[in-house]
Participant: 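I'd like to ask you about the structure that follows.
Computed from a predicted model, the values in this text were never measured in an experiment. Below, all heavy atoms of this structure are taken into account, side chains as well, without hydrogens, waters or symmetry copies.
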Amino acid sequence: MEYSFGRIEEHWKEKWKKENIYRINNNSDKPKYYVLDMFPYPSGAGLHVGHPLGYIASDIFSRYKRLKGFNVLHPMGFDSFGLPAEQYALETGQHPAETTRKNIATFKSQLDKIGFCYDWEREVQTSSPGYYKWTQWIFLQLFNSYYCSIEQKAKPIRFLVEKFEKDGSDDFSATDWKSFSARQQADILMQFRLVYSAFGVVNWCPALGTVLANDEVVNGVSARGGHPVIKKKMRQWFLRITAFAERLLQGLDHVDFSDSMKEMQRNWIGRSEGAEMEFEVEGISKKILVYTTRPDTIFGVDFLVLAPEHELVAEITPVAQRQSINEYLTYVKSRSDRDRMADVKQITGCFTGSYAINPLNGRKIPVWIAEYVLAGYGTGAIMAVPCGDQRDFNFAQHFNIPITNIIGSYFNGREANPTKDAVLENSGFLNGLLMKDAMEVAIGKIESSGIGKRKVNYRMRDAGFSRQRYWGEPFPIIWKDGIAVPLEETSLPLELPHVGQYSPGPEGEGPLANLTEWINTANGSRESSTMPGYAGSSWYFLRFMDPHNPGEFCSRSASDYWNQVDVYIGGTEHAVGHLLYSRMWTKFLFDQGLIGFDEPFKRLINQGMIQGSSRFVYRVDGTNQFVSYGLKENYTVDKLHVDVNMVDGFILETEAFKKWRPDFANAEFILEDGKYICGSETEKMSKSKFNTVNPDILVEKYGADTFRMYEMFLGPIEQSKPWDAKGIDGVHRFLRKLWRLFFDEQKNMKLWTEEQPNEAELKCLHRGIKKIEDDTERFSFNTAVSAFMILVNELSDLKCHKKSILEKVLVMLAPYAPFISEELWHQMGNETSILNASYPETDKKYLVDATKEYPVSINGKLRTNMLLPLDADPAMLEKEVLANEVVQKWLEGKTMKKFIYVKGKMINVVI
RNA sequence: GCCCAGAUGGCGGAAUUGGUAGACGCAGCAGACUCAAAAUCUGCCGUUCGCAAGGAUGUGCAGGUUCGAUUCCUGUUCUGGGCACCA
């Protein structure tokens with residue numbers, strides 16, 4: 001009997017489906033285990049070989065846990081709202097709902113080919129009304145909540161209203177509150193809601209009449225059409241994630257994420273301690289509020305810098321400076337944030353013409369604006385201390401601003417010194433203090449003299465929560481007289497209306513703004529923007545627990561049973577976005593008492609990215625000529641991705657290229673050696689980079705089992721690596737070799753016997769169990785595959801066909817290669833699925849050895865090996881080693897200085 | 001620019017806590033089986049000197065700590081991911 005994987009896989013897929021073998025119940029005597037993948041965005045390119053890497057890992061782990069006796073939840077769904085579908089609609093006129101439906105169907109059929117054990121009855125799609133009803137519902141809960149800084153938790157906003165009615169606030173009395181108009185009250189409450197509306201800056205492309213994602217802006221112009229992009233203020237919704245900053249930071253201590261992942265989140269949150277203080281401006285009543293982490297350097301302040309977007313810029317600029325300031329502002333508007341951060345070498349700024357007064361020494365200092373100060377961080381204004389901060393130093397030098405030295409010899413005049421260890425000079429009451437100690441003294445003085453206060457600051461900003469787009473959740477909000485009025489919960493879902501065309505609405509609004517009959521209601525006009533992609537993905541792990549509940553987003557009994565996700569697998573590219581948002585939503589739902597845990601993911605495994613090898617062509621600027629890689633230096637060129645399927649190695653198939661897109665039909669080529677050579681780069685596998693590889697072909701050629709094991713065999717799960725299929729034969733050979741332990745293909749007969757296994761066979765088996773179990777537990781799947789290979793090689797060498805051994809091998813293999821394991825399991829006479837077997841246990845007595853082949857080194861260099869008993873007496877052992885012929889040879893004429901013996905490891909003789 | 005990773009044979013990688021560098025696999029070479037091929041099996045396979053025994057050298061690069069470093073420390077180069085509207 002031959003190993004015909006195609007037949008086997010077809011047969012079991014059908015049978016498993018019929019028997020609903022992956023259906024998971026919310027009630028079970030077994031302990032629960034929740035294994036989750038980051039669900040995919042169903043892109044039009046279909047599944048590529050990078051997607052399944054994490055999915056295979058999680059599938060192996062789920063099956064493994066099931067064999068270990070757990071009730072395992074392992075669901076899958078689709079993050080199906082998003083920009084690409086809308087972009088595609090814009091280009092082709094096909095409705096996103098339709099393309100999304102098709103893409104999901106493709107994804108599902110591709111996933112099923114690989115044999116994942118998903119319970120599809122629990123599938124969720126973020127774009128289905130039954131799901132986004134609850135996304136909208138959670139939005140309303142956020143809208144109706146504020147963050148109580150005393151209790152450090154989210155609470156219903158009606159408590160705040162009650163407090164205002166009773167006691168007022170720091171800024172107004174209870175009587176004031178009652179006298180405010182409805183609009184005034186609403187505006188005040190908006191400053192507290194956990195989702196709120198305010199003005200934010202967006203990438204505005206006047207030519208396209210639309211707001212662009214950062215992704216769609218390349219070098220300051222729109223990726224589509226190359227039109228200029230400027231920054232524009234627009235009304236936006238925001239998620240008040242900053243309220244949770246401290247808890248998001250603290251929570252990291254209680255989850256099992258990698259240190260680097262925690263580090264990235266900590267840096268993103270960016271907690272810093274310092275002080276806020278006010279600087280008076282000469283001749284103007286308003287003061288400039290700056291935030292500094294170094295109040296100890298207050299006497300070294302030589303100038304203030306405001307972000308160009310700072311609200312006081314216009315006010316403090318006297319007429320004489322107005323023109324140059326306006327010119328500078330126009331320049332800044334054309335620059336992306338990325339440019340502003342990246343170009344530190346290019347120092348730009350503009351003097352406002354105003355002077356501020358240092359509140360501690362009365363010194364008059366100039367006020368500048370510069371793009372290196374970002375509006376979103378701190379107060380958008382800094383006090384510049386050139387002797388202690390390199391950017392301030394560079395700025396001062398560039399604009400010839402005199403520098404005050406407050407750290408004596410610690411400052412060399414050529415570069416700033418950010419030390420905290422210097423003794424302060426020229427610093428008034430701080431003179432003679434170590435900077436570290438001066439910090440507290442300075443803050444004390446600042447607070448006592450009423451010019452400022454101690455302040456903990458976070459780099460993290462509130463997250464923009466609206467998009468001027470169509471394909472997302474509509475906001476359950478109606479605007480009436482400038483007040484955002486939430487819809488009744490009972491009217492949810494507010495369904496996304498069908499549109500015929502996807503072009504933007506007036507004034508940069510989203511496409512929904514064009515639907516006047518939808519927008520305008522008797523009670524006011526609807527919000528025309530939609531929610532961002534991360535809205536639906538911030539809570540989907542909860543819906544999987546109770547996917548069909550019509551009355552709740554997830555019943556408390558379901559979330560109490562399944563609790564946290566035990567293992568969450570996904571890429572590091574979501575380190576700071578999705579993971580922080582979902583952690584925040586979980587904390588919010590916890591505060592509301594809707595779930596019983598405040599961290600969603602107990603353990604996070606980061607899968608590396610399978611990268612694509614992209615190919616590039618070089619178009620000579622302003623022509624339809626394409627120049628080969630080696631000759632491109634002679635021209636000014638644009639670099640364009642080409643589909644890797646049109647490239648043989650590095651050589652472009654020019655005819656295929658011409659047919660690829662209409663605008664390339666008349667392409668001309670400047671060849672080298674008669675060929676067009678493409679450039680190449682390793683980068684993220686993505687449809688937009690035309691470097692995707694489809695797994696279907698490999699599954700068809702080698703079978704799902706081979707494909708699964710090969711992806712695991714490529715290397716550590718967390719490591720990124722470019723895709724390469726050339727080793728897949730080896731894995732396939734392994735499965736065939738395994739098959740030959742069961743069947744003689746030539747003689748067409750079965751080989752397994754009921755014979756009792758011998759010592760050698762049991763040793764192989766139990767070592768294998770130990771290694772494979774350990775490796776599976778620590779997600780080291782590549783070494784587990786290698787351990788399987790070693791085990792099968794050893795059993796083949798021993799000609800072991802004993803059923804009691806082989807059955808255990810199959811159970812261990814079932815998570816990795818479910819089809820072949822199930823087939824052989826049944827061939828051997830088992831009636832029930834191998835999924836219901838139990839994992840073999842190691843017998844320690846087969847793992848211990850009496851002797852060890854020790855490496856013996858002289859001065860750390862390996863010279864020989866000696867077989868020695870593991871329980872040897874150290875003194876006897878030393879004698880025996882020193883008597884060894886090879887050791888004697890090296891020892892000749894020298895005396896031994898030291899004898900190092902590490903039991904079970906090695907021996908080193910130092911001479 | 002900032003934050004986070006990574007770099008080991010011709011290639012993917014292994015070495016789990018500082019203790020035999022290169023497990024396992026791919027590719028390659030030699031051989032067996034075969035009329036032949038495929039499949040399968042056996043052996044070799046970092047570089048270098050050597051007939052061999054054996055020696056030298058070797059984990060991006062430059063230093064350091066240690067009896068001993070792929071592993072720890074300092075510096076540096078390159079590659080990848082993220083940087084707030086791709087998801």
Side-chain angles (χ1 to χ4, degrees), chain A residues 38-41 43 79 81-84 87 200 202-203 211-217 236 241 258-261 263-264 266-268 270 337-345 372 376 391 459-469 532-534 537 571-578 580 606 608-609 611 681-684 686 688 710 713-716 718-722 724 726-731 733-734 736-737 740 745-746 774-775 778 780 782-783 785-790 793 853-862 865 897-900 902 904-911:
Chain A
M38 289 183 183
F39 66 164
Y41 174 80
S43 95
D79 189 11
F81 270 140
L83 198 50
Q87 192 58 41
V202 294
N203 298 315
V211 175
L212 297 176
N214 287 340
D215 216 37
E216 299 174 295
V217 183
Q236 302 286 318
I241 192 169
S258 70
D259 289 342
S260 57
M261 173 62 62
E263 197 61 23
M264 278 191 261
R266 286 196 189 104
N267 291 336
W268 182 265
D337 281 358
R338 189 73 53 85
D339 293 338
R340 283 172 66 172
M341 285 185 288
D343 285 352
V344 288
K345 284 175 199 134
Y372 82 93
R391 285 172 310 178
R459 176 172 289 113
M460 181 167 67
R461 308 199 291 267
D462 282 338
F465 197 70
S466 49
R467 303 290 183 261
Q468 283 63 46
R469 298 288 176 177
Y534 68 82
S537 61
T572 43
E573 66 271 26
H574 299 283
V576 288
H578 162 65
L580 279 174
N606 288 120
M609 195 172 276
Q611 293 149 326
E681 245 169 66
T682 299
E683 51 185 359
K684 190 163 158 171
S686 155
S688 63
Y710 179 61
F713 192 55
L714 276 177
E718 68 276 10
Q719 202 168 94
S720 292
K721 52 232 150 195
D724 190 343
K726 73 170 182 266
I728 197 166
D729 281 310
V731 176
R733 271 178 218 149
F734 154 74
R736 306 242 307 251
K737 191 162 183 176
R740 290 198 302 273
E745 291 174 303
Q746 261 91 52
D774 280 359
D775 285 352
R778 64 188 179 99
S780 179
N782 58 326
T783 53
V785 172
S786 141
F788 275 117
M789 291 172 169
I790 292 169
N793 287 345
E853 177 95 359
Y854 278 95
V856 178
S857 305
I858 313 291
N859 281 346
K861 285 192 178 164
L862 179 73
N865 285 296
K897 286 200 191 115
K898 206 170 173 185
F899 186 85
I900 293 160
V902 184
K905 296 278 187 195
M906 46 65 71
I907 290 159
N908 189 15
V909 182
V910 186
I911 52 176

Participant: Please evaluate the base of B:rC85 for a donor-acceptor partner in the side chain of A:Q236 within a cut-off of under 3.5 Å?
Facilitator: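 Side chain to base: pair present.
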Participant: In whole angstrom, give me the gap between the C1' atoms of B:rG18 and B:rU65.
Facilitator: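 That atom pair is separated by 11 Å.
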Participant: Starting the side chain at C-beta, find the nucleotide from B:rA87, B:rA39, B:rG13 nearest to A:E573.
Facilitator: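 My answer, after comparing the listed nucleotides, is B:rA87.
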Participant: Ignoring hydrogens and angles, state whether a donor on the side chain of A:Q611 or A:S720 is under 3.5 Å from an acceptor on the partner side chain.
Facilitator: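 No donor-acceptor contact under 3.5 Å links the two side chains.
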Participant: Is there a Watson-Crick or G-U wobble partner for B:rG18 with both distances under 3.5 Å, and which nucleotide is it?
Facilitator: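 By the stated definition (distances under 3.5 Å), nothing pairs with B:rG18.
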Participant: Which nucleotide in the list B:rU16, B:rA27, B:rC24 gets nearest to the side chain of A:F713?
Facilitator: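 Of all the options, the side chain of A:F713 is nearest to B:rC24.
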Participant: Rounding to an integer number of angstrom, what distance separates B:rC44 and B:rA52 when you compare their P atoms?
Facilitator: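 After rounding to an integer number of Å, I get 15 Å for this pair.
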Participant: Does B:rA39 have a Watson-Crick or wobble partner in any strand here, with both distances under 3.5 angstrom, and which is it?
Facilitator: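 Its partner is none (no Watson-Crick or G-U wobble pair with both distances under 3.5 Å).
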Participant: In the structure I gave you, are the side-chain heavy atoms of A:V856 and A:N865 within less than 4.5 Å of one another anywhere?
Facilitator: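 Result no, sub-4.5 Å side-chain heavy-atom pair not found.
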Participant: Watson-Crick or G-U wobble partner for B:rA27, using a 3.5 Å limit on both distances?
Facilitator: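 No nucleotide pairs with B:rA27.
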Participant: Using Watson-Crick or G-U wobble geometry with both distances under 3.5 Å, which nucleotide pairs with B:rG6?
Facilitator: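 For B:rG6, the partner nucleotide comes out as B:rC78, under the 3.5 Å rule.
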Participant: Are A:S786 and A:N782 close enough that some pair of their side-chain heavy atoms sits under 4.5 Å apart?
Facilitator: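 A:S786 vs A:N782: side chains apart.
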Participant: If we take the P atom in both B:rG58 and B:rG68, what is their distance in whole Å?
Facilitator: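 The same atom, P, in both gives a distance of 15 Å.
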Participant: Between A:S857 and A:G577, just flag the one whose closest nucleotide in RNA chain B comes earlier from the 5' side.
Facilitator: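 Of the two residues, A:S857 wins.
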Participant: Check every atom of B:rG68, B:rA84, B:rC41 against the side chain of A:N908 and return the nucleotide holding the closest atom.
Facilitator: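 Nearest listed nucleotide: B:rG68.
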Participant: Could you measure between the two P atoms, the one in B:rG19 and the one in B:rC86, and give it in whole Å?
Facilitator: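 Each nucleotide's P atom is 45 Å from the other's.
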Participant: I want to check one thing: is the phosphate of B:rA84, taken as OP1 and OP2, less than 4.0 Å away from some side-chain N or O of A:R461?
Facilitator: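 No.
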Participant: Across the strands shown, which category fits A:V909 at heavy-atom distances under 4.0 angstrom: base, sugar-phosphate, nothing?
Facilitator: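 Contact class for A:V909: none.
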Participant: Under a 3.5 Å limit for both distances, which nucleotide forms a Watson-Crick or G-U wobble pair with B:rG1, could you say?
Facilitator: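 By the stated definition (distances under 3.5 Å), B:rC83 pairs with B:rG1.
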Participant: If you measure from the P atom in B:rC29 to the same atom in B:rA37, how many Å do you get, rounded?
Facilitator: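 15 Å, rounded to whole Å.
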Participant: Of all the choices, B:rA23, B:rA5, B:rC85, which nucleotide is nearest to the side chain of A:Q468 once you look at every atom?
Facilitator: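 The answer is B:rC85, which lies nearest to the side chain.
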Participant: Could you work out the separation of B:rG6 and B:rC67 based on their P atoms and round it to a whole Å?
Facilitator: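 It comes out at 28 Å once rounded to the nearest Å.
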Participant: Considering only atom C1', compute the distance from B:rC24 to B:rG13 and round it to an integer number of Å.
Facilitator: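 Looking at atom C1' only, B:rC24 and B:rG13 are 8 Å apart.
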Participant: Would A:Y41 and A:F81 count as a ring pair (Phe, Tyr, Trp, His ring centres under 6.0 Å) here? Give the steps.
Facilitator: CA-CA 8 Å; A:Y41 174 80; A:F81 270 140; over 10 Å; no
Participant: Between B:rC11 atom P and A:N782 atom CG, what is the distance in whole Å?
Facilitator: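 In whole Å, B:rC11 P and A:N782 CG are 18 Å from each other.
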Participant: Which one is paired to B:rC51, where only Watson-Crick or G-U wobble pairs with both distances under 3.5 angstrom count?
Facilitator: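 B:rC51 is paired with nothing.
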